[in-house]
Amino acid sequence: MDTYFYGTFPKDFSWGVSSSAYQIEGGWDADGKGPSIWDNFTHVPGNINNNDTGDIACDSYNKVEEDIYLLRALGVKNYRFSLSWPRIFPSGRNNSINSHGVDYYNRLIDGLVANNITPIVTLYHWDLPQALQDIGGWENSELIDLFDSFADFCFQTFGDRVKFWITLNEPQVVAWVGYGAGTFPPNVNDPGNAPYRVAHILLKAHARVYHTYDDKYRASQGGVITLCPNIDWAEPKTPSDPRDIEAADRHLQFLVGWFTHPIFKNGDYPEVMKWKVGNRSELQNLPSSRLPVFTAEEREYIRGTADVFCFNTYTSKIVTHATTQLSPSSYEYDQEVLTSVDSSWPSSALSDHRAVAWGLRRLLNWIKEEYGNPPIYIIENGVGIKTTSDVDDNTRIFYYKTYIDETLKAYNLDNVNLRGYNAWSFMDSFEWLNGYDPRFGLHQVDFGNPNRPRTPKRSAVYYAEIIRNNGIPLHLQLF
Ligand code: BGC
């Protein structure tokens, strides 16, 4: 299980690095940008570790050329970033187009294309225009039309050069952390209901945008479009106990199948979700399931709305079955599983992010089996380290070496249809509730310096070597 495999990927394998708008751009109110829910949330003292904000972040809004220079030095084939909706539509609607925001993304995209770097563009990485939160955010089904009109504008404006679109980054986090646990804005703490309603709207919004691309742009632009769930491998606690095997699969169905079963399978939620949430709702004497139901027409509309399978992954979990608990009513309890981590797995700064490289190989095989061997892109993978001066980041090198090695095994030994791998993150950036600590970057950013200088870490040099060799051939053993 832990032996190294030496080998390479196919010639057109897409190596890249990833970022997101709010985490790196800064310029939070520059040139007419509207406020997002993250701008407002971070401006309230006490909400974020160390009261950090993304007001300036890595100042990438003013550093297009420098960022492209660093990407060239890495030798990446693609760069995945996101568009800030309120930078383009300050009020969230297409009656408020901010040409400065559009210019910024045009400069970035032109620079990438000029350097043969494929842009992979996310339309929504959590920074909702505040104006749209004011009408209820993703709890309001008007957001389906509004997101579609934003996406339509982006296809029309950037689609001549952007051929790889991601609608939603980690919809499970949007639904659960934003509307269930409530720790991310909009901080709705309604764990039994809102996440299911929000996910229902997110799925419809995703499907609408996919169809807009299909109907209006695909023929002339010829790109691909999908969404990007977060998936951590779920390892059954006692692999010889069928109840734990089922529980681990159930956990994956609630985490990822929630979104990908409708899209990659039959237009509907996984059977086990319908059964568990339905049954528990009945036991609560509710008139109907807390999990909403799609009409036949909606199922047909949602099914098949992804061209490739993208996902983000960081760690693995141990899962065991739990006996039915009636209360509280919560997405977490509905799963009837208990999750934990194995304390022997190497820990990183984020307590629940353990480095478990073999979990990624199992996960890739699970995706292959579950969804019929789709083309797969790993869009985020990396490790956070809690130190401001980790230029000499051997821990990160070890993480990448072992994780990439497991993807090599999945590709070469298990025939997983893997097409690309992106490291998170291009550079140290704003880590949501954690502020600027821990650091995930291949490049260090000095946040104490107004110029936000970037310094390649040892891991950047190592990753560039992996890219240059298209994998880990035998002679790369030196590292
Ligand atoms: C998110 C990133 C985040 C990373 C590390 C992912 O869930 O997509 O925005 O920085 O995790 O915490």
Side-chain angles (χ1 to χ4, degrees), residues 16-26 36-39 41-42 48-50 52-54 57-58 60 79-85 120-128 166-178 180-181 183-185 202 226-233 255-256 258-259 310-317 341 347-356 359-360 363 377-387 390 393 395-396 399-400 403 421-445 447 459:
V17 287
S18 294
S19 71
S20 89
Y22 186 72
Q23 296 180 271
I24 66 164
E25 285 179 3
S36 77
I37 54 174
W38 274 94
D39 290 317
F41 180 67
T42 58
I48 306 290
N49 178 33
N50 196 35
D52 289 337
T53 74
C58 309
S60 283
Y79 176 44
R80 182 279 202 137
F81 59 95
S82 76
L83 303 175
S84 158
W85 186 347
I120 297 185
V121 178
T122 307
L123 291 163
Y124 184 70
H125 200 127
W126 309 351
D127 44 354
L128 190 76
I166 292 172
T167 54
L168 304 167
N169 179 68
E170 303 190 350
Q172 187 263 355
V173 170
V174 177
W176 168 243
V177 188
T183 49
F184 278 9
L202 289 171
T226 188
L227 81 174
C228 189
N230 47 298
I231 324 181
D232 294 329
W233 172 241
L255 179 70
V256 57
W258 192 7
F259 298 91
C310 288
F311 72 103
N312 301 340
T313 191
Y314 289 89
T315 184
S316 294
K317 296 254 161 63
V341 293
S347 65
S348 75
L350 297 175
S351 54
D352 57 344
H353 278 192
R354 304 259 165 173
V356 198
L360 178 52
L363 174 55
Y377 291 81
I378 296 168
I379 292 290
E380 291 183 13
N381 180 230
V383 61
I385 298 172
K386 218 177 172 67
T387 162
D390 65 338
D393 56 344
T395 311
R396 185 170 290 106
Y399 182 96
Y400 280 120
Y403 266 78
Y421 176 93
N422 275 35
W424 181 274
S425 175
F426 178 22
M427 64 184 93
D428 291 340
S429 48
F430 180 80
E431 265 303 319
W432 310 111
L433 301 181
N434 295 308
Y436 293 99
D437 186 13
R439 308 288 173 98
F440 277 80
L442 295 172
H443 294 90
Q444 185 196 52
V445 177
F447 295 102
S459 57

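Whatever order the structure lists them in is the order used to number ligands and atoms, beginning at 1. Excluded from the calculations below are hydrogen atoms, water molecules and symmetry mates; all remaining heavy atoms, backbone and side chain alike, are included.
- Remark: Tyr403 engages Tyr399 in a ring-ring contact (aromatic ring centres under 6.0 Å, His included) (not counting sequence neighbours).
- The protein non-hydrogen atom at the shortest distance from atom 2 (C) of ligand 1 is Glu380 OE1, 3.5 Å.
- Proximity to Glu170 (heavy-atom distance under 4.0 Å) selects the following atoms of ligand 1: 1 (C), 6 (C), 7 (O), 8 (O).
- With respect to atom 4 (C) of ligand 1, the closest heavy atom belonging to the protein is Tyr314 OH, 3.3 Å.
- Using cut-offs of 30° and 60° for the angle between ring planes, the Tyr400 and Tyr421 rings count as perpendicular.
- Scanning all protein heavy atoms for the shortest distance to atom 9 (O) of ligand 1 gives Gln23 OE1, 2.7 Å.
- Checking each of Thr53, Ile37, Leu433 against Thr42 for a side-chain contact (heavy atoms from CB on, under 4.5 Å) leaves exactly one that passes, namely Thr53.
- The protein heavy-atom contact nearest to atom 12 (O) of ligand 1 is Glu431 OE1, 2.8 Å.
- Under 3.5 Å, the side chains of Thr226 and Tyr377 contain no donor-acceptor pair of N or O atoms.
- Remark: ligand 1 atoms within the under-4.0 Å shell around heavy atoms of Asn169 are 8 (O).
- In Asn312, the part holding a heavy atom less than 4.0 Å from any atom of ligand 1 is the side chain.
- Between Trp126 and ligand 1, no pair of N/O atoms sits closer than 3.5 Å.
- Counting heavy atoms closer than 4.0 Å to ligand 1, residue Val173 contributes nothing at all.
- No side-chain donor from either of Ser82 and Tyr22 sits under 3.5 Å from a side-chain acceptor of the other.
- Checked against the 6.0 Å centroid criterion, the rings of Tyr314 and Phe440 qualify as a close aromatic pair.
- At least one N or O atom of Trp432 sits closer than 3.5 Å to an N or O atom of ligand 1.
- Counting only heavy atoms from C-beta outward, the side chains of Trp432 and Ser20 approach each other to under 4.5 Å.
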